[in-house]
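Written below as structure tokens is the structure these notes are about.
Counting starts at 1 for both ligands and their atoms, in listed order.
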Amino acid sequence: MRDNFDITRLLRSNVAGLEPYRSARDECKGASKQMVFLDANENPYPNGVNRYPDPRQKDLKEVLSRLKGVDTNKMLLGNGSDEVLDLLFRAFCEPRVDNIIIVPPTYGMYKVLAGINDIENREVLLSANFELRVQEIMAAQDTRSKLLFLCSPNNPTGNSFSEESILQLLKSFNGLVVIDEAYIDFSEKESWLKKLDAFPNLVIVQTLSKAYGLAGIRLGMCYASEAIITILNKIKPPYNVNELTQERAKDRLLETNKVDFEISCLLEYKNDLYKQLLKVHFVNQVYTSDANFILIKVDDAPGRYKQLIDAGIVVRDRSTQPLCENTLRITVGTQAENEHFITVIKTL
Ligand SMILES: *Cc1c(COP(=O)(O)O)cnc(C)c1O
């Protein structure tokens, strides 16, 4: 539990005074009568997408709410989680004044977004076994530290951080703790969603790009206190989630059995891949993974990467990330793709 957390203290001053864009349709929201819409200069002839999409994505949020057990007023949806992450910067981080903390090796977008938004990026490396160094993170923060990004399960290492370390940070970090759960559906660990009410400084980001198989539609989700979501709603582009995305997302979220089946297949293939990778002569380490990818340490990552490219297989070379010297990250594919990959990698 954490009490007395004042969100207005973290807010950028321009955002505090901002008057959001309103469409005429915001004003007649909830009208039960069939309305005639002559307000937005749309083409009136129906083709399925001739009207602007619902800026608050009401129907989609209700489906998500049932699935995740979170109130719709504690959710914000975006054009991929990358947009959601950018909105957090724009709401809370004053350029050239505030800072964020990331814990490399981790997802590359946090640093990129800090650069775009002109925010100081403080880096506190993970320990050698890819765990959080809580004391060092606490020592790196000051009164201008607004966001702490924790990716769990972590990309590219694949492990989830210990619950105890995350709890300590939630209890003592001065700014918002953003937990990126892009891979949570592959993990045996529980989501932090259940802790939303206990921690007013907790922000959880999820996506439909990975386990849900919808990278092409771009839908990211942000879960946080109603106070935080109200702020983010003020600055989001009004029509950031298009109509086709809202429809496809709703359909897919209702196909629970199909999604669960695909996830269980991928987890089984991941275990097969893990065992096979251990047998490859130039693979020095295979890291255990809570996600749908495996990080391996090899003799010469750029060289092996190039050999795989020449054989028609693209993996990710993560060698330039701290603590990841000579590592490659391999996404779990279909059974046939994985078998082909293993056959090829054993011939190198
Ligand atoms: C893939 C990934 C995302 C997804 O981003 P989208 O913009 O939703 O596709 C977010 N965070 C992490 C850590 C990822 O690996």
Side-chain angles (χ1 to χ4, degrees), residues 57 60-61 64 68 75-90 100-114 116-117 121 123 126 130 132 147-161 166 176-187 189 191-193 202-224 232 236-237 240-242 244-246 248-249 252-253 259 262-263 266 270 287 289-295 314-318 321-324 327-333:
Q57 310 98 21
L60 174 53
K61 280 183 186 165
L64 271 171
K68 305 275 179 178
M75 308 176 177
L76 174 113
L77 306 184
N79 184 7
S81 34
D82 290 345
E83 183 186 47
V84 167
L85 296 168
D86 187 53
L87 288 172
L88 288 166
F89 275 92
R90 296 206 282 156
I100 62 150
I101 299 180
I102 69 169
V103 289
T106 192
Y107 185 46
M109 274 310 282
Y110 315 134
K111 184 179 188 168
V112 171
L113 289 169
I116 292 170
N117 288 287
N121 178 43
E123 304 195 345
L126 295 176
F130 301 142
L132 293 167
L147 307 171
L148 166 63
F149 289 96
L150 306 179
C151 182
S152 186
N154 188 35
N155 176 4
T157 58
N159 62 306
S160 303
F161 298 134
I166 295 182
L176 300 181
V177 178
V178 183
I179 305 185
D180 187 338
E181 292 190 334
Y183 299 97
I184 192 68
D185 300 295
F186 296 109
S187 171
K189 297 266 172 65
S191 162
W192 284 83
L193 280 176
L202 171 59
V203 176
I204 295 162
V205 178
Q206 296 182 350
T207 178
L208 296 191
S209 296
K210 305 287 157 61
Y212 279 85
L214 296 181
I217 71 168
R218 315 301 302 125
L219 190 85
M221 297 93 86
C222 173
Y223 304 95
L232 296 175
K236 86 170 184 70
N240 62 330
V241 180
N242 74 66
L244 299 174
T245 295
Q246 294 188 41
R248 283 296 289 270
R252 182 66 166 165
L253 288 167
V259 175
E262 290 178 12
I263 292 172
L266 292 170
K270 177 177 69 175
Y287 296 93
S289 165
D290 246 355
N292 66 330
F293 56 81
I294 296 179
L295 190 74
V314 190
V315 298
R316 193 90 155 107
D317 181 1
R318 294 284 72 193
Q321 288 264 321
L323 310 176
C324 289
T327 57
L328 299 174
R329 191 193 67 199
I330 296 138
T331 307
V332 180

For ligand 1, note which part of [X] has a heavy atom under 4.0 Å away: side chain, backbone, both or neither.
X: D82; result: both
X: S81; result: both
X: R218; result: side chain

Has N154 got a side-chain atom pairing as donor or acceptor with P105's backbone, closer than 3.5 angstrom?
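The answer is yes, because a donor-acceptor pair under 3.5 Å joins these two groups.
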Would you say the side-chain atoms of S152 pair up with the backbone N or O of F161, donor to acceptor, closer than 3.5 Å?
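Checked: pair present.
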Does a donor on one side chain and an acceptor on the other come within less than 3.5 Å for R218 and N242?
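There is no such pair between these side chains.
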In the protein, what heavy atom is nearest to atom 11 (N) of ligand 1, and what distance, to one decimal place, separates them?
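Protein heavy atom at minimum distance: D180 OD2, 2.7 Å.
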Per-atom contacts, ligand 1 versus [X] - under 4.0 Å to a heavy atom:
X: Y183; result: 1 (C), 14 (C), 15 (O)
X: C151; result: 13 (C)
X: G80; result: 7 (O), 8 (O)
X: K210; result: 1 (C), 2 (C), 3 (C), 4 (C), 14 (C), 15 (O)
X: S209; result: 6 (P), 8 (O), 9 (O)

Check L295 against T157 and note the closest heavy-atom contact, atom names and distance.
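That would be CD2-CA, 4.1 Å.
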Is there side-chain contact between E123 and K111, with at least one heavy-atom pair below 4.5 Å?
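They are in contact (side-chain heavy atoms under 4.5 Å apart), so the answer is yes.
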For Y110, the option from T106, L113, V112 that meets side-chain contact (heavy atoms from CB on, under 4.5 Å):
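With Y110 as partner, side-chain contact (heavy atoms from CB on, under 4.5 Å) holds for just one option, T106.
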For the pair F149 and F89, name the ring-plane relationship: parallel under 30°, tilted 30 to 60°, perpendicular over 60°.
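Parallel.
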